[in-house]
Amino acid sequence: MPKRLIVITMGDPAGIGPEIIVRSWNSPALSNMRRVVVGSPGVMQRAVKLVSAELSVRELGDVDDSYD
C-alpha cells in the first residue's frame with residue numbers, strides 16, 4: 001500500500017512555521033506518510049540549520065517526485 005501524502009504549507013517565512021515543521025518532521029505520527037512542504041527551500045534550509053536537524057531540503061518540480 002502506498003504511503004499517504006500530506007502537504008504542509010510553510011506559513012509566514014518570518015514566523016515559527018518553518019521551525020515547527022522541521023522539529024516535527026520525524027514525528028512517529030507522520031512516519032507512515034509522504035511529507036511535502038510548500039514554501040521557500042531557502043527558508044526551510046535556514047530552519048533546518050537553526051534547530052540543528054539532520055534533514056535535507058530538496059526542491060521538487062512535482063509532488064509526484066516526493067519520496068520518504
Side-chain angles (χ1 to χ4, degrees):
M1 178 179 213
K3 290 184 176 183
R4 292 184 344 191
L5 173 66
I6 182 169
V7 178
I8 306 161
T9 59
M10 182 184 73
D12 183 348
I16 63 170
E19 181 181 340
I20 291 172
I21 291 169
V22 170
R23 290 185 186 274
S24 63
W25 196 256
N26 290 323
S27 165
L30 301 175
S31 66
N32 65 340
M33 296 183 187
R34 291 172 37 223
R35 295 153 287 184
V36 174
V37 176
V38 176
S40 166
V43 171
M44 292 308 300
Q45 288 171 340
R46 284 193 299 274
V48 167
K49 189 173 183 179
L50 176 72
V51 301
S52 301
E54 292 189 24
L55 297 173
S56 60
V57 175
R58 188 169 71 110
E59 190 169 353
L60 303 176
D62 189 293
V63 168
D64 288 334
D65 294 340
S66 70
Y67 66 90
D68 252 346

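Quick note: residue numbers are just sequence positions, from 1.
- Contact annotation: the side chain of Pro18 never approaches that of Arg46 to less than 4.5 Å [non-hydrogen atoms, C-beta and beyond].
- For Arg35 (side chain) and Trp25 (main-chain N/O), a donor-acceptor pair under 3.5 Å exists by modelled atom type.
- The line from OG of Ser27 to CD1 of Ile21 is 13.0 Å long, rounded to the nearest 0.5 Å.
- In this structure Asp12 satisfies the side-chain contact (heavy atoms from CB on, under 4.5 Å) test together with Ala14, sequence neighbours excluded.
- Under a hydrophobic clustering in which Ile, Leu, Val, Met, Phe, Trp and Tyr are joined whenever their side-chain heavy atoms come within less than 4.5 Å, directly or via other members, Val57 and Val22 fall into the same cluster.
- Counting heavy atoms from C-beta outward, Val36 and Leu60 have side chains that approach closer than 4.5 Å.
- Cluster membership for Ile20 and Leu55, using ILVMFWY side-chain heavy atoms within less than 4.5 angstrom, is not shared.
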>> Using side-chain contact (heavy atoms from CB on, under 4.5 Å), reason through Met33 and Lys3 one step at a time and then give a plain yes or no.
In response: CA-CA 5 Å; Met33 296 183 187; Lys3 290 184 176 183; 5.6 Å; no

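- With sequence neighbours excluded, the residues satisfying side-chain contact (heavy atoms from CB on, under 4.5 Å) with Arg23 are Glu19, Val51.
- Within a 6.0 Å radius of CD1 in Ile6, more than 12 heavy atoms belonging to other residues, nucleotides or ligands are found.
- In this structure, the side chains of Val38 and Met10 stay at 4.5 Å or more apart for every pair of heavy atoms.
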